[in-house]
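Dropping the structure in here first, questions after.
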Amino acid sequence: MSFSGGVKEELARQMGKSHHCRIAELAGMLEMEGCMDLSSGELRLLNDNAVLQNKYVKLLKSVFGSENVSAEQVMKSLHWDRTEYENLPVSMRRADGLLVQRSCCKRAFIRGTFMAAGSISDPKKSYHFEIVCRTMEQAGQLQELMEFFDTEPKIVERKDRMVVYLKEGSQIVDMLNVMEASVSLMNLENVRILKEMRNSVNRKVNCETANINKTVSAAVRQLEDIRKIQKTIGFEHLPPQLAEIAQARLDHPDAALKELGTFLDPPVGKSGVNHRLRKLAEIAETIAE
């Protein structure tokens, strides 16, 4: 089962404690995937996902006492029987503001929209949470409700639909918490922790590798300069301190600067070694010119 499917199965078991929360969740489902069945006179969901359909039936039974409910009853409970909605098809209606005033109802509504039209990518591959809306007005309302919980959803148009999405792993965790998918939240957090640890190790390894490469490249240049000096003017014509560091580098080609300084008499620190090697580089450059 996909990660997204697991989230929806968990949400299917999550039932709002209050009557008004269950109506809000119904509103979320019907806003995203509802349609009018002209033959039966019922509101139904276009999405035939079994998990979604079972949750929809449970909500109908919980709210109305039966799954065989007329569209008129459902619309009245959603406040879709008002004058401003009478000429709008179901696909263009939004949740009435009265249904999503409470924080708990906002959670339930978002849960319903995700159950009907949402998805989450496998967090092992990428972080992406989205809910596909039918209209810009629906997307705008959903965006505002998600922002209430301190997330920053964006909206993008995809074909003839509007998609509300999150790309940050931490914000997707927050949204799972909003929808009360605690098990999925923990699974996602475990993946995030492992990925962050792996990325941290990779950064350290890359940094150490870069430092090693930098040290090796510097040592190769120093050896080239020293051998050039040795072949042309000879170490005997160098100041004693420079002759000493030149010979030390030839004897210890792989040593880091700090270690190289311990081979001198008296020992010299890293900055002193670096200063002397720069002097040798300047001499080698003069010889080349």
What residues form a side chain to side chain donor-acceptor pair (under 3.5 Å) with Ser121, not counting sequence neighbours?
Ser126
Say whether, by atom type as modelled, one donor and one acceptor occur between the side chain of Arg249 and the main chain of Leu277 under 3.5 angstrom.
no
Identify whether Met32 and Leu46 are in the same connected component of the hydrophobic contact network (ILVMFWY, side-chain heavy atoms under 4.5 Å).
no
Does atom NE2 of His275 have more than 12 heavy-atom neighbours from other groups under 6.0 Å away?
no
Measure from the side-chain N and O atoms of Asp225 to the backbone N and O of Leu280, and report whether any donor-acceptor pair falls under 3.5 Å.
no
Find out whether Gln53 and Leu45 are in side-chain contact, i.e. whether some heavy atom of one side chain is under 4.5 Å from a heavy atom of the other.
yes
Under a 3.5 Å threshold, yes or no: a donor from one side chain and an acceptor from the other, between Gln247 and Asp251?
yes
How far does CZ of Phe109 sit from CG of Leu145, to the nearest 0.5 angstrom?
6.0 Å
Distance (rounded to the nearest 0.5 Å) between Arg203 CZ and Glu196 CD:
8.5 Å
Could you tell me which non-hydrogen atom of Pro153 sits nearest to which non-hydrogen atom of Glu147, and how far apart they are?
CD-CG, 3.7 Å
Would you kindly confirm whether Leu142 and Tyr165 end up in one hydrophobic cluster when ILVMFWY residues are joined by side chain heavy atoms under 4.5 Å apart?
no
4.5 Å side-chain heavy-atom contact, Val173 and Glu189
yes
Please report the closest heavy-atom contact between Leu99 and Cys105, naming both atoms and the distance.
O-CB, 3.2 Å
Centre of Phe114's six-membered ring, under 6.0 Å away, within 45 degrees of the axis: is that where NZ or CZ of Lys8 sits?
yes
Are Glu130 and Arg158 close enough, and set up right, to give a salt bridge (charged side-chain N to carboxylate O under 4.0 Å, His left out), and what steps lead you there?
CA-CA 12 Å; Glu130 71 175 39; Arg158 183 189 298 159; 2.8 Å; yes
Please check if the side chain of Gln138 supplies one atom and the backbone of Arg134 the other of a donor-acceptor pair under 3.5 Å.
yes
Check for a donor-acceptor pair, side chain of Arg107 on one end and backbone N or O of Val178 on the other, with a separation under 3.5 Å.
yes
pair Phe129-Ser119: side-chain heavy atoms closer than 4.5 Å
no
Between Asn274 and Lys270, is there a donor-acceptor pair closer than 3.5 Å when you use the side chain of the first and the backbone of the second?
no
Do Leu30 and Val74 have side-chain heavy atoms sitting under 4.5 Å apart?
yes
Before you tell me yes or no, could you show the steps for Met179 and Leu176 under side-chain contact (heavy atoms from CB on, under 4.5 Å), namely the whole-Å CA-CA distance, both residues' side-chain angles and the distance that decides it to 0.1 Å?
CA-CA 5 Å; Met179 297 188 299; Leu176 288 173; 4.0 Å; yes
Rounded to the nearest 0.5 Å, what separates atom CD1 in Ile245 from atom CG in Leu264?
4.5 Å
What residue among Lys61, Lys58, Arg44 forms salt bridge (Lys or Arg N to Asp or Glu O under 4.0 Å) with Glu67?
Lys61
Can you measure from CG (Leu188) to CE (Met186) and round to the nearest 0.5 angstrom?
10.5 Å
Here the pair of heavy atoms bringing Glu31 nearest to Ala95 is OE1-N, 2.7 Å
For the atom pair CD1 (Ile172) and NE2 (His128), what is the distance rounded to the nearest 0.5 Å?
8.0 Å
Please step through side-chain contact (heavy atoms from CB on, under 4.5 Å) for the pair Phe64 and Leu26, ending with a clear verdict.
CA-CA 12 Å; Phe64 302 103; Leu26 270 176; 4.1 Å; yes
Side chain Lys279, main chain Leu242, donor-acceptor under 3.5 Å:
no
Of the non-hydrogen atoms in Arg192 and Gly169, which two are nearest, and what is the gap between them?
NE-C, 3.9 Å
Please determine whether side-chain contact (heavy atoms from CB on, under 4.5 Å) holds for the pair Met15 and Lys55, giving the CA-CA distance in whole Å, both sets of side-chain angles, and the decisive distance to 0.1 Å.
CA-CA 9 Å; Met15 188 70 73; Lys55 179 67 179 290; 4.3 Å; yes
Electrostatic pair Glu180-Arg13, nearest N-O below 4.0 angstrom:
no
Report the C-alpha separation of Leu166 and Met146 in whole Å, then their side-chain angles, then the decisive distance to 0.1 Å, and conclude whether the side-chain contact (heavy atoms from CB on, under 4.5 Å) test is met.
CA-CA 10 Å; Leu166 297 169; Met146 291 171 66; 3.9 Å; yes
Min side-chain heavy-atom separation Val268-Gln241 under 4.5 Å:
no
Relative to Tyr127, does Lys195 satisfy both conditions: NZ or CZ under 6.0 angstrom from the six-membered ring centre, and within 45 degrees of the ring's axis?
yes
So, for Ala27 and Leu78, which heavy atoms are closest and what is the spacing to 0.1 Å?
CB-CD2, 3.8 Å
Should Ile233 and Leu238 count as side-chain neighbours, where that means a heavy-atom distance under 4.5 Å?
yes
Tell me whether Met75 shares a hydrophobic cluster with Leu59, the cluster being built from Ile, Leu, Val, Met, Phe, Trp, Tyr side chains joined at under 4.5 Å.
yes
Can you give me every donor-acceptor pair (side chain of residues 253-263, partner residue at least two apart or in another chain, under 3.5 Å) with its distance?
from: Thr262; atom 1: OG1; to: Glu259; atom 2: O; distance (Å): 2.5

With a 4.5 Å cut-off on side-chain heavy atoms, are Leu43 and Met36 touching?
yes
Does Arg161 come within less than 4.0 Å of Glu157, counting only side-chain N to carboxylate O?
no
May I have all residue pairs that pass salt bridge (Lys or Arg N to Asp or Glu O under 4.0 Å) and include part of residues 233-247, sequence neighbours excluded?
Glu244-Arg276
Less than 4.5 Å apart, side chain to side chain, heavy atoms only: is that true for His20 and Arg102?
yes
Are Val156 and Met136 linked, directly or through intermediate hydrophobic residues, by side-chain heavy-atom contacts shorter than 4.5 Å (ILVMFWY only)?
no
Cluster question for you: counting only ILVMFWY and a side-chain heavy-atom cut-off of under 4.5 Å, with indirect links fine, are Val51 and Leu11 together?
yes
Note: Cys133 and Val164 closest approach over all heavy atoms is SG-CG2, 4.0 Å
Please tell me whether Ser184 and Glu10 have a donor and an acceptor in their side chains that are separated by less than 3.5 angstrom.
yes
Between the NZ atom in Lys204 and the CG atom in Asn206, the distance rounded to the nearest 0.5 Å is 12.5 Å
